[in-house]
Amino acid sequence: MADKKSRLHIPHPTARPGDKPDFSYLDLSPAGAVDKPSIDSRTRDIEYLSSGLVRVLDDDHQATGPWAPDLDPGKLQIALRWMMLNRVFDKRMWQIQRQGRISFYMEALGEEAVSVAQGMALRPGDMCFPSYRNQALYMYRGMSLVDMMCQCLSNTRDMCKGRQLPIMYHSAKANMFSISGNLATQYPHAVGWAMASAIKGEDHIAAAWLGDGATAEADFHHAITFAAVYQAPVILNIVNNQWAISTFQGFAGGERRPFAARGLGLGIPGIRVDGNDFLAIYATTLWAADRARRGGGPTMIELVTYRGGAHSTSDDPSKYRPKDEWQDFPLGDPVERLKQHLILGGQWSEEQHEKLEEELTAEVTAAWKEAQQYGTMTEGPFLDPSTMFDDVYAEVPRHLQSQRRRMMEVEGVNGEGSES
Amino acid sequence: MADKKSRLHIPHPTARPGDKPDFSYLDLSPAGAVDKPSIDSRTRDIEYLSSGLVRVLDDDHQATGPWAPDLDPGKLQIALRWMMLNRVFDKRMWQIQRQGRISFYMEALGEEAVSVAQGMALRPGDMCFPSYRNQALYMYRGMSLVDMMCQCLSNTRDMCKGRQLPIMYHSAKANMFSISGNLATQYPHAVGWAMASAIKGEDHIAAAWLGDGATAEADFHHAITFAAVYQAPVILNIVNNQWAISTFQGFAGGERRPFAARGLGLGIPGIRVDGNDFLAIYATTLWAADRARRGGGPTMIELVTYRGGAHSTSDDPSKYRPKDEWQDFPLGDPVERLKQHLILGGQWSEEQHEKLEEELTAEVTAAWKEAQQYGTMTEGPFLDPSTMFDDVYAEVPRHLQSQRRRMMEVEGVNGEGSES
Amino acid sequence: MTQMNMIEAIRSGLDVMMDRDPAVVMMGEDIGYFGGVFRCTDGLQRKYGEHRVIDAPIAEGGIIGAAIGMGLNGLRPVPEIQFADYIYPGFDQVVSELARIRYRSCGEFFSPVTIRTPCGGGIRGGQTHSQSPEAIFAHVSGILTVMPSNPYDAKGLLISSIESDDPVIFFEPKRIYNGPFDGDPEKPAKSWASHPRGEVPEGHYTVPLGKAEIVREGTELTIITYGTLVHVAQAAAEETGVDCEIVDIRTIAPLDVDTLADSVNKTGRCVIAHEATRFGGFGAEIAARIQKECFYNLEAPIGRIAGWDTPYPHAFEWQYFPGKKRLAAGIRSMMEVE
Amino acid sequence: MTQMNMIEAIRSGLDVMMDRDPAVVMMGEDIGYFGGVFRCTDGLQRKYGEHRVIDAPIAEGGIIGAAIGMGLNGLRPVPEIQFADYIYPGFDQVVSELARIRYRSCGEFFSPVTIRTPCGGGIRGGQTHSQSPEAIFAHVSGILTVMPSNPYDAKGLLISSIESDDPVIFFEPKRIYNGPFDGDPEKPAKSWASHPRGEVPEGHYTVPLGKAEIVREGTELTIITYGTLVHVAQAAAEETGVDCEIVDIRTIAPLDVDTLADSVNKTGRCVIAHEATRFGGFGAEIAARIQKECFYNLEAPIGRIAGWDTPYPHAFEWQYFPGKKRLAAGIRSMMEVE
Ligand SMILES: Cc1ncc(C[n+]2csc(CCOP(=O)(O)OP(=O)(O)O)c2C)c(N)n1
Ligand SMILES: Cc1ncc(C[n+]2csc(CCOP(=O)(O)OP(=O)(O)O)c2C)c(N)n1
Ligand SMILES: [Mg+2]
Ligand SMILES: [Mg+2]
């Protein structure tokens with residue numbers, strides 16, 4: 001056995017630490033090049049959407065082509081604001097984690113357009129099943145920075161009552177589902193939610209997000225199968241940021257066909273979109289949402305972007321990819337591109353931008369100050385640990401009541417620790 | 001909620017009991033219509049293979065077109081023999097089950113060409129991961145009828161020592177994997193086996209079979225993902241016999257695209273083949289096997305056929321589909337078609353056919369006679385129940401040794417039944 | 001009151017709930033047009049439509065995952081897993097999601113799913129149609145695990161499960177679908193017709209979750225059991241002549257420890273019986289609790305009679321199954337302990 | 001002999017086996033180029049090539065399913081599941097296939113897979129990076145379940161597992177990867193450098209599967225435990241001054257009942273400690289066996305100290321974790337029993 005040469009194919013990223021970044025593997029289309037079909041089109045007639053790349057903002061930051069949405073500059077300024085807030089917030093939280101003041105964090109650096117553009121294209125009654133890099137969806141849908149920080153602090157105002165890792169937000173009011181630590185599990189939930197909406201005859205749709213890496217999970221398959229069979233009104237987003245921790249997207253099967261094509265075999269149309277192009281994302285999401293709302297069934301959207309930062313605060317990407325790879329990413333920086341587009345149209349300026357950045361920084365600082373008043377990891381007020389027995393069930397059953405009592409005793413001075 | 005109309009799409013078969021069978025939903029191509037590409041072709045250049053229908057035998061039973069294999073009549077006579085044997089065997093075993101002499105049975109009626117043609121196109125060193133409707137693969141690869149019957153009888157010669165349901169054969173010698181009761185689990189095994197073959201630098205390939213219904217399972221997704229990523233030398237067969245127990249193939253997502261297209265999104269070429277056309281199956285399988293052996297990676301083959309009988313002896317299809325649906329199936333009966341092809345070429349006759357059928361019936365009768373000598377459900381010799389503790393682990397651990405002793409005691413007269 | 005077998009009682013429970021609550025929907029393999037391989041949903045699609053009794057793709061993980069999503073959107077899904085042996089592909093959705101959503105969202109989200117699934121052996125189903133995996137679900141906080149032993153309880157517990165806002169895994173011991181089975185496969189099958197618990201009200205009623213039931217009073221020894229083994233235990237008790245108290249736990253999690261402990265404290269002896277493999281089986285949890293609660297009253301070590309620690313073999317299901325002989329032997333040997 | 005922490009010991013065990021046996025291959029998420037999120041496979045891809053240390057798609061079911069297939073073709077796969085919390089998507093392949101193939105094929109086929117996976121909490125991982133699911137695997141016949149508590153055992157047991165023709169689930173308590181943790185999160189972390197079991201031979205050696213070890217001799221009370229809790233038990237024993245005998249079971253299934261029973265028969269008292277949720281946890285099986293084997297020598301009911309029956313909460317991991325305080329309280333209260 002040892003003398004024969006292995007014939008197993010092993011995917012390789014185009015560059016490793018020390019190498020020159022190389023994005024030649026990415027198929028790009030120029031802005032405006034991809035046709036915009038009617039939402040009634042049959043899947044087989046619009047397969048081209050899964051292999052092209054829908055782009056609106058061209059290299060000169062001009063909006064161009066059939067997908068260019070009709071959005072007034074005021075709305076775009078608002079969008080820019082949310083994207084910037086996401087970035088400022090992430091940066092601060094990252095620092096805060098580095099100072100040891102929260103246990104963990106994950107940032108969306110370079111992917112901010114995804115959440116903001118899709119958030120804006122959906123209606124408030126639509127239900128979102130996000131991944132851990134969709135914090136801007138929560139923000140856009142009304143979750144306050146203080147609430148988000150309190151969640152990360154597991155403090156007395158934490159919506160999760162200290163039960164979840166930082167960033168695992170939820171908000172029923174905002175129609176934002178609870179984030180799970182288990183990849184991809186939210187995908188079939190979104191489909192089931194959408195099926196229920198259809199059963200009830202409502203026109204709310206669902207949308208779900210996961211990463212390129214997570215497409216390999218079983219739940220991805222379950223979700224697309226059920227979505228296709230029942231023509232559920234759902235948007236299935238794949239945020240292809242090229243990396244899954246240390247593993248490049250080839251290990252998720254991205255070497256041969258774009259992720260947008262994953263549902264074609266089931267008749268689910270796929271759209272491959274420039275994930276750093278706010279306008280393109282907005283337009284494609286609106287198209288898919290319309291289609292779903294009018295009974296056209298599911299659409300898959302692959303958002304081609306790049307994970308600008310580390311996977312999480314536990315990760316060190318310099319171990320597995322060129323340090324400055326993001327700078328060479330051909331689709332650039334989503335914030336910068338929307339900014340330049342607005343500047344080009346005379347609706348924005350460097351000065352305004354700087355000023356806004358300062359404002360947002362101050363807003364985040366103020367929020368952080370406020371959040372800490374509800375407690376930190378080291379300073380009170382602290383959450384009452386006895387709450388850990390709540391919500392396991394709708395009512396606290398007897399055995400958990402007695403375990404709660406025992407816990408309080410042990411935590412007290414005269415503890416005794418035998419079983420209840 | 002109750003007043004709004006559900007918008008959920010529910011797949012419907014074209015005919016239910018009492019209706020006229022209607023196969024208009026099946027996309028058919030005439031024999032010879034689908035091009036045969038080189039095995040070096042890129043997936044995107046041969047997508048047409050997944051939507052057309054590769055057929056060799058035309059309506060006049062003539063072999064035609066680029067896929068017509070070069071097989072001498074002697075081999076075809078042998079193939080016919082195996083297919084007929086499969087059918088005769090199934091029929092007898094079904095009767096035997098109906099007489100209460102085995103507990104369960106599943107037949108391959110109408111699908112016999114799949115196992116025989118694919119068995120012949122593979123090499124003995126290739127490893128097969130069959131489903132429960134591939135009994136002819138075991139036969140073709142050398143398992144004796146007596147051994148198969150003894151398995152169904154759970155008797156003293158049962159290769160499974162009474163542990164498995166009837167029809168769940170295995171044979172390491174024949175490179176035939178053990179059948180599982182759990183649908184689709186064998187699919188990733190085949191891919192892993194093929195990966196190991198590649199790692200070892202061998203040119204054996206693996207082949208796996210599952211049904212249209214089973215494609216919805218997670219393991220299908222796992223298998224195609226791993227096969228695509230590592231370009232494993234494996235043939236992934238989907239036997240689309242239109243039904244999964246009572247559920248027609250639309251519930252497995254077959255309404256919009258053929259099953260052969262399921263791997264396209266990962267870059268796995270798919271071939272849709274007339275599953276009742278021995279020559280077409282043989283040719284496509286050989287093509288896929290060559291491709292895999294030369295490092296071309298996985299191929300998916302959808303075999304379009306029809307489940308001629310009940311799902312199993314526990315099933316009653318008259319409850320959910322027209323009684324005579326099979327008679328209207330546009331791809332006919334695989335046995336009849338090969339027979340007519342041979343007759344057309346002057347290499348076979350009705351007399352020979354009748355005679356062979358008699359021979360095979362006698363062979364099966366003789367085998368049944370012999371098999372019963374190794375025991376039946378009611379008459380000895382009986383398997384030693386103490387063997388049920390073997391093979392849980394490589395060696396029988398102490399706790400199972402003592403459970404075995406206890407079992408023997410309890411089964412004896414002076415049992416005592418407390419725990420060991 | 002009507003006489004029903006367990007299939008009819010379950011169907012009646014589903015019917016009652018679908019009728020009362022338009023949010024109740026069902027989804028599963030072959031459950032719709034066909035009515036289910038065990039006929040538990042027969043006729044319900046005709047009555048309530050194919051948008052509420054939904055045939056599903058063969059993907060247990062997908063069925064459970066989608067059901068969770070439906071539950072999040074105000075429905076009350078009752079998915080069926082065709083055999084308990086096939087629930088494992090959906091295990092992650094049960095453990096990581098169904099059982100956890102309420103907790104991690106502090107009650108803002110929950111999904112009141114009841115998963116029905118036939119379990120247990122004795123029908124010549126071989127190792128992949130005979131398993132009883134209740135112990136692995138019992139270990140998962142956040143879900144309830146239920147297993148009825150008769151038609152009356154089946155319907156009443158099923159209605160309670162569907163009405164519960166907590167997720168429930170509802171195991172149906174398929175060996176007793178058609179009649180109480182006393183563990184002797186040689187004897188002619190009995191039907192529920194003559195059994196008092198085969199009398200089932202046609203309308204709505206509940207049997208409370210989390211409550212065990214004493215199905216036979218006795219003074220000498222307590223048998224704690226559930227599902228099919230309840231009937232085997234009764235037969236074994238008769239056979240030995242020992243005055244056994246038999247407790248049917250009915251809900252596996254949460255466990256009604258008080259009823260169990262009271263009985264054992266009274267009798268001083270305890271045998272636990274279940275069909276699942278013994279090692280790490282649910283009997284272990286019962287034994288661990290009983291030795292704790294009844295330590296000073298136990299006159300003999302607690303015994304466990306269960307399936308052997310092997311897969312469930314097709315040919316030897318009656319050697320594997322903890323039948324009347326094994327139970328009777330266990331009872332007798334325990335009575336010999338002074 | 002070298003001093004190694006548990007990560008280094010595991011890596012060394014993998015290295016030794018990859019070197020000795022070309023059939024040994026590894027597959028897992030981020031294990032190859034990157035060397036694993038806990039660094040257990042660091043450097044091994046460089047040394048043995050990317051065809052033997054294989055980066056995998058994020059599909060635990062696929063990793064286990066493909067590993068089984070590799071094992072059927074003569075390889076000896078050692079897949080890694082990044083966190084034990086993520087093993088559930090592969091549960092069906094473990095239960096229905098890995099554990100069953102030898103049995104159903106009467107030994108004609110088997111797949112000698114060893115699944116490595118880090119388990120346990122105490123690293124602020126929240127409820128989805130902290131679980132200890134050993135009990136649900138222990139209940140499955142046909143697989144072995146192992147959990148070492150120190151570097152020496154980790155390497156020796158890992159080598160035994162890889163060499164075994166039976167499939168093994170190999171749990172690595174991540175809290176003690178870098179040092180023995182006595183359950184007090186306030187104290188500065190200790191390293192393995194000064195621990196006798198941090199001395200690890202560089203070459204090949206084995207620690208037998210299925211054998212418990214007495215890690216502290218004592219006369220008054222037996223603590224039966226495994227993994228991280230072995231160290232907590234030692235600290236708790238010191239703190240109470242009770243002369244505890246501590247047994248590290250090391251292999252969960254099959255369980256070395258004799259060593260356990262001998263100890264409890266000697267001491268007359270038994271506390272079982274584990275990190276997993278108590279209800280239906282593996283402690284139940286131990287308790288059920290011990291009460292049986294040691295009935296006449298037990299002076300007090302067997303106690304179980306375990307994680308509460310809730311998910312593992314991020315902020316309250318030290319209230320959830322059965323730490324020194326809880327163990328010591330348990331020991332003390334048990335000694336009060338006459
Ligand atoms: C079921 C499961 N397996 C593994 C992990 C560990 N894990 C967390 S994130 C991650 C990478 C995900 O990559 P991708 O889906 O591309 O999303 P991205 O982080 O790039 O946004 C992995 C392997 C997990 N959380 N859940
Ligand atoms: C995991 C699992 N789920 C459900 C079943 C029950 N079951 C056995 S065969 C079958 C239908 C399979 O249909 P298909 O895959 O089309 O194969 P066919 O029987 O038509 O050959 C079902 C649902 C099973 N055996 N395993
Ligand atoms: Mg990614
Ligand atoms: Mg089928």
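These values consider heavy atoms only, across backbone and side chains, with no hydrogens, waters or symmetry-generated copies. Keep in mind it's a predicted model, so treat the numbers as computed, not measured. Just so we're on the same page: letters track the sequence lines, and every chain starts at 1.
- A donor-acceptor pair shorter than 3.5 Å can be found between the side chains of D/Thr277 and D/Tyr320.
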Between D/Arg332 and D/Glu239, does the salt bridge (Lys or Arg N to Asp or Glu O under 4.0 Å) criterion hold? Intermediate values first, please. CA-CA 10 Å; D/Arg332 282 197 197 97; D/Glu239 184 173 297; 3.7 Å; yes

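- Side chains of A/Arg101 and A/Gln372: a donor-acceptor N/O pair is present below 3.5 angstrom, by distance only.
- A 6.0 Å sphere centred on CD of A/Glu395 holds no more than 12 heavy atoms belonging to other residues, nucleotides or ligands.
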Could you go through the ring pair (Phe, Tyr, Trp, His ring centres under 6.0 Å) check for D/Phe282 and D/His274 one step at a time? CA-CA 8 Å; D/Phe282 189 65; D/His274 60 60; 7.8 Å; no

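- When heavy atoms are compared at a cutoff of 4.5 Å, A/Ala218 does not approach chain D at all.
- Of residues 119-129 of chain D, those residues with a non-hydrogen atom less than 4.5 Å from any non-hydrogen atom of chain A are, in numerical order, D/Arg124, D/Gly125, D/Gly126, D/Gln127, D/Thr128, D/His129.
- Neither the backbone nor the side chain of D/Phe279 comes within less than 4.5 Å of any heavy atom in chain A.
- No side-chain donor from either of A/Gln151 and A/His170 sits under 3.5 Å from a side-chain acceptor of the other.
- Note: D/Asp309 leads D/Val37, D/Thr310, D/Asp55, D/Asp309 in heavy-atom pairs under 4.5 Å with chain A.
- Heavy atoms closer than 4.5 Å to chain D are found in the side chain of A/Leu183, but not in its backbone.
- Inspection of non-hydrogen atoms places A/Ser246, A/Thr247, A/Phe251 of residues 246-253 of chain A under 4.5 Å from chain D.
- In this structure, the portion of A/His12 lying under 4.5 Å from any heavy atom of chain D is its side chain and not its backbone.
- When heavy atoms are compared at a cutoff of 4.5 Å, A/Ile10 approaches chain D solely by way of its side chain, counted from C-beta outward.
- Contacts of A/Thr215 with chain D are absent, with no heavy-atom separation under 4.5 Å from either backbone or side chain.
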For side chain to side chain contact (heavy atoms under 4.5 Å, CB included), just list the numbers for D/Trp308 and D/Arg326, CA-CA rounded to whole Å, side-chain angles, deciding distance to a tenth of an Å, and then say yes or no. CA-CA 11 Å; D/Trp308 305 121; D/Arg326 221 144 93 205; 3.3 Å; yes

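- Within the 4.5 angstrom heavy-atom criterion, no atom of D/Glu317 approaches chain A.
- Aromatic ring pairs are classed by plane angle as parallel below 30°, tilted from 30° to 60° and perpendicular above 60°; the pair A/His189 and A/Phe177 is perpendicular.
- A/Gln242 and A/Asp212 form no side-chain donor-acceptor contact under 3.5 Å, judged by distance and modelled atom types alone.
- Heavy atoms closer than 4.5 Å to chain D are found in both the backbone and the side chain of A/Pro17.
- Between D/Tyr312 and D/Glu275, the side chains place a donor N or O and an acceptor N or O closer than 3.5 Å (distance only, hydrogens not considered).
- When each of A/Asn155, A/Val392, A/Leu153, A/Ile245 is scored by its heavy-atom pairs under 4.5 Å with chain D, the top score falls to A/Ile245.
- For D/Phe83 and D/Phe38, the ring centers sit closer than 6.0 Å to each other.
- Ring centroids of A/Tyr320 and D/Tyr33 are separated by 6.0 Å or more, keeping the two rings apart.
- In this structure, a donor-acceptor pair under 3.5 Å is present between the side chains of A/Arg133 and A/His311.
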Kindly determine whether A/Asp391 and A/Arg163 satisfy salt bridge (Lys or Arg N to Asp or Glu O under 4.0 Å), including the steps that lead there. CA-CA 11 Å; A/Asp391 301 317; A/Arg163 294 170 192 163; 2.8 Å; yes

